[in-house]
Structures are given as structure tokens and as C-alpha cells.
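Following: one structure in C-alpha cells, then a few remarks.
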Amino acid sequence: MNAARRLGGPIFEIDQVSSSLGFGPKVGASWILKDVSLTLHEGELKALLGPNGSGKTTLLKLLAGLITLPSGGARNLIHSKGRTMQSLIPRERAKVVTLVGSEFYTEFPLTVAQAVSLGRTCWQGAHVSDQEAVEEALERCLCRNLRERDLRSLSGGQRQLVGLARAIAQSPEVLLLDESLSKMDLDHQYRVSEMLKSWAQTLKKGVLCVSHDLSWVSQWADSAIWLKAGEVVADGETSEMLKPEILSQIYPGLEVQTQKKMVSPIWCAVAKTGERVREIP
Amino acid sequence: MIQEDRFPKIFWNYVISFALLVFAMGLALCLGATDADWEMVRDLRLPRVILAAGIGMGLAVSGGVLQVLFNNPLCEPYILGISSGSALGVVIGMSVGIHLNLGGLVGTSFLGALTFAIILFWISQRTFHLGTHQGQTTLLLVGVVLGFLGNGLLALWIALAEPSQLQSATVWFFGDLSRARLSGALLTFVGVVCGIALIFTQARDLDAYLLGGSEAQSMGVDGARLQKIMIGLTSVLVGLCVSGGGVIGFVGLLVPHAVRFWVGTPHRNSLPLTAIWGAITLVIADLLSRWIARPYELPVGVITALLGSPVLIAVLIRRKVVIS
């Protein structure tokens, strides 16, 4: 496969991670994540797909070290180039992996340049390269013209650009995105996706990205992994993962049609034939 | 690590602030209800000015830190009830018969503040899943409730207290700097400066916390450690301030917001300037409390409330606009 040829060696490996952590009301005995394994390669942009509540965000938080594995299962399950992630102190961990959420907001006066330079928190010391990294990140994420603006005055999509720039400035080896492009317009989404792809390929980084937009996934992701109820249902090349057989397994109530009339295929959902919406009397 | 390319400007900000502080302290030494001789200035006004400066610094910085820690611009030791908790600590200490020399006073006051701060923190963790805005509102309401609880128990103590103790009762509600002694004032001042210096060593991590706990953690900040350090240090500051001058509100709200508006939020500059301006504010407020109704004296908390509550309302209104 040509996609597999472009990719380098593994950069991030997860071996059978399970988590029963619950937020708010206890989930009981059910697993949020169950025996999840995945491998991310250098230069790979991998999409993490699945229905709402399937454990995608929990997985990303676990990988970013925002939550920890329950003590009973504290085995060495997450590795990056021979290092065990759980044994790193937060500052060292942040040099390897960082998570970008879908919201980037502060309650206090902070300019875009200041917010992006906060990404350098884990690299204390080297001030010259800090400034260079911040400038480069602003440039890459198309927010150089916003640099003196107050973060609070920006729109949701612009704030997502700044949030991404913060993560790029941090120059981690693995970037975890949790619907971080969801509010960007078509043009920004295209240019940022292109930037992410070239960033990953030229600098040998890995990107793991949660998205619900299958058209975007088909256009940009090298590979994809489907999660359902905390378990990996399928893992492989993007084109394989978007086949109707797999989609109908994930979303049994829907028929997902592929329309190839456009430049790139579009995935859209329609109600399954024969299953009519009940009429309200 | 936020870059400041306007070094000369920030340098002048420090110079102006220092000059104003010296001027305010000088003015406070010279002016009073009556013409004073040197002995009166030395024994009464000097301790009072030092105490006011120390308390102003401590309250302003702990307000600014609490705002960042709880990611909520309306936080402040008084509004969150931490000051009431601190006063309650002293009163409980008194009624169980702890001998309240200087150390006992500061100790009980610190323990009271710490207890209330930990309760608040525990609740803010519990309500984290509610989302940012609901969580913030819950936290403030809990703070108000804790304040009521503290004040209620203080009122109970006053109702049961012997008449001889009553004189000091108002201090726990409105703040009172008139009982300052030089040793106590110096202890408060030096203690507060040390506490602020310790907070300053964490300035970078506090900066990262501006974007919220999760963002800070993905930027490599040990969130749990920072929270523990900051809760401990702000409790020390509030403990020192309340044991020195009672419950004084709104300084912690007024000053940090004004300084952020002026020089921006990054703590390398905003923390020291918040401290200086906290001192200026409370020295002036104390001067006004002595001066306005002379020869009578107003509680200094009245002055800070009059200055601070419009700021609280302004922040509320401004915030609504920004979010929508």
C-alpha cells in the first residue's frame, strides 16, 4: 500500500488499555475502554472514529496523561519509542504528546501571541528557540495576523486555530486532536489539514484525530480506527474503514451512502429503507 | 514564559507604582484625625500603615491567584467565604481557650482559611462535570453559603460572648486596622512578602493555568501539585491578613482586575504589580477610613466595599458580553 510505504516506524503504541473510570455518575461495572490497542506511525494522520460516548475522548485523555489508569491496571501500556509514558513526569510527557480540545478559552486578558507561547511551558530555558517556535506555529496555523488580538474577542473557529498553534509551538511528537477543526470554515479547515499532514510527514510526527466528518477523514486520514462501546471494532486503511459493511456494523440503524459525483467522495446518512419514522397522530 | 518586548514600558510601570506606594504611605503617616507628634506617628500610625500595606498585598495576590486557580474572574477570599472561615478559626480558637498570642492568632486563622479553601476546592472538583459556566456559578454560590455559615457562627459567638470581648467583635465583620502593633504588623508584612515570593516561583505554571486545568496539564503542568501549593499559600496569605486586620473584602477583586487590564495577565509582571497596587489600595482606603468622618473612624471594610462592589458589577457585565 502506498500509504504504508510513506510511514516511518511506530511512534506511539498502546497495548490493551482498559479503563472503567467514570466521570460524574458511576458507570458501574461497564468498561469505558476495553482492551484498546493501536499503533501510530511516524508521519501518520490517524482518525479515531466512533459513535458518541464510545470512549474516544477518554482514550485521548488517557494518552495525554490527563487521567490515569485505575491503580489495579497500572501496567506499562502506553509506549513511545521505548519510553513508558506513565513513568514520565508531566513536563517530559508534554514534550512527547499533547491534547488539543475543541474549546480554547480564557477568562482573562491574554493576547494570541501570549497564549501560543504558553505552549513552550515544558521547554524552559531556551528562549531564542522558544520565540522561533512561537512564530513558526503562528505562521503554520494562519494566525499571524491575530497575534495582538485578545483571545476572548475571537470567534470559535479562530480560537481553534490558536489552540492548534499552541500545540504546534509545543512541538510534541504526537498530537491528539479532539474535534479541534470542528468550527473552522471550509478554507481554514482545508489549509490547516494540509498543514497538519505536511507537519507530520516532514517532521516525522504522529497525529491522532477524533472526527465525525467522514468526508474529511476520507480526504486526509492515512488510516482510521473505529471504536464502539469502548472496544476497537476495526482498524486499518481509511478506504477500507469507510466501506459500507463496516459503517453498517457501527451504525446499524442507518444506511450510509457514498456519493462519488464530487471531486472527493461524500459520506452522508439516510434512514434505512423500510424503517420509517413513526408518524405523530 | 510569555515574551515581553516592551521592557522599558514595564520598567516605568514598576517605577510609577513604587513611587505611588511610597507617596501613599507617606501621606498616611502625615494625615490623621488630629495633628500628631512624632511619638504618635511612630507608635500608632507607622504600625498601621505597615499592616495596611501587608494586608493589601496579601489580599490582592490571593484574590488574583484564586481567580486563576478556579478559572473564575469573580473569585476573591471574601466572596468565597475563605476570610470568614479564617475569622471563624480565630473565634473557635478563642472559645476553646487557645492562648492567642501572635502565633496562636495566625495559626488558628490559617487553619480556618485552609479548611474553607479545601471545602471549596473539593466542591469545585465535584462540580467539574457540570461544565465551565455552571461549575463557576456553583462555586460562587457555595462560597456565598460558606460566607453565610461563617458569619452566622461568628454572630452566634458574639451573642454568647462576654461584654469584655465584644469590643473586638466588629473586626471580624468589617475589618479594623486600628489595633496594629509594630511587631504584629511587621510579622504580617514579612510573612505576606515571603508568601508572594513563593507564589511568584510558580508564575509560569500559573500562566499555563489561565487556559484551564486540562490545557495546563497537556502543556506539562502538574495540575494536582500546583493546586495544592496554591491552596496552601493562599490560605497562609489569608490567614496572615485576617489575623492582622480582620475580614476586609473586595481588595482581592478590585486590584488584580485593574492590573490585568493595565499590563496584561502574564504573572511575571502582573503578580508583583498586583502586590504593590494591593498595598497602595489598602493604605489609601485605611487613610480614607480615618479621614472622611474625623474625628470618628469608619471600618476600613466599608471603604473597600464601596470601592470594590462597582468593580464586581462591571466585571459581571463585561463578562456576559464577551461570552455571548
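Letters A, B, ... are given to chains in the order of the sequence lines, protein chains preceding strands, and every chain is numbered from 1. It should be emphasised that the depicted structure is a prediction, and the values quoted were computed from it without experimental measurement.
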| query | Out of A:P109, A:G163, A:A64, A:C122, which one racks up the most heavy-atom pairs below 4.5 Å with chain B? | reply | A:P109

| Mutual orientation of the aromatic rings belonging to B:F121 and B:F70 [parallel < 30°, tilted 30-60°, perpendicular > 60°] |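 Rings of B:F121 and B:F70: tilted, as their planes differ by 30° to 60°.
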
| said: Against the six-membered ring of A:W220, is A:K197 placed for a cation-pi contact (under 6.0 Å from the centre, within 45° of the normal)? | reply: no

| From B:L253, B:V68, B:L139, residue fulfilling side-chain contact (heavy atoms from CB on, under 4.5 Å) relative to B:C75 |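 Only match with B:C75 under side-chain contact (heavy atoms from CB on, under 4.5 Å): B:L139.
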
Could you look at [X] and say if it's the side chain, the backbone, both or neither that has a heavy atom under 4.5 Å from chain B?
{"X": "A:L151", "result": "side chain"}
{"X": "A:V97", "result": "backbone"}
{"X": "A:R93", "result": "side chain"}
{"X": "A:E103", "result": "backbone"}

| request: Tell me, with the steps shown, if B:Q67 and B:R260 meet side chain to side chain contact (heavy atoms under 4.5 Å, CB included). | output: CA-CA 12 Å; B:Q67 285 155 17; B:R260 285 195 199 106; 2.9 Å; yes

| query | Quick one: do the A:Q160 and A:S182 side chains pair a donor with an acceptor below 3.5 Å? | reply |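 There is such a pair between these side chains.
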
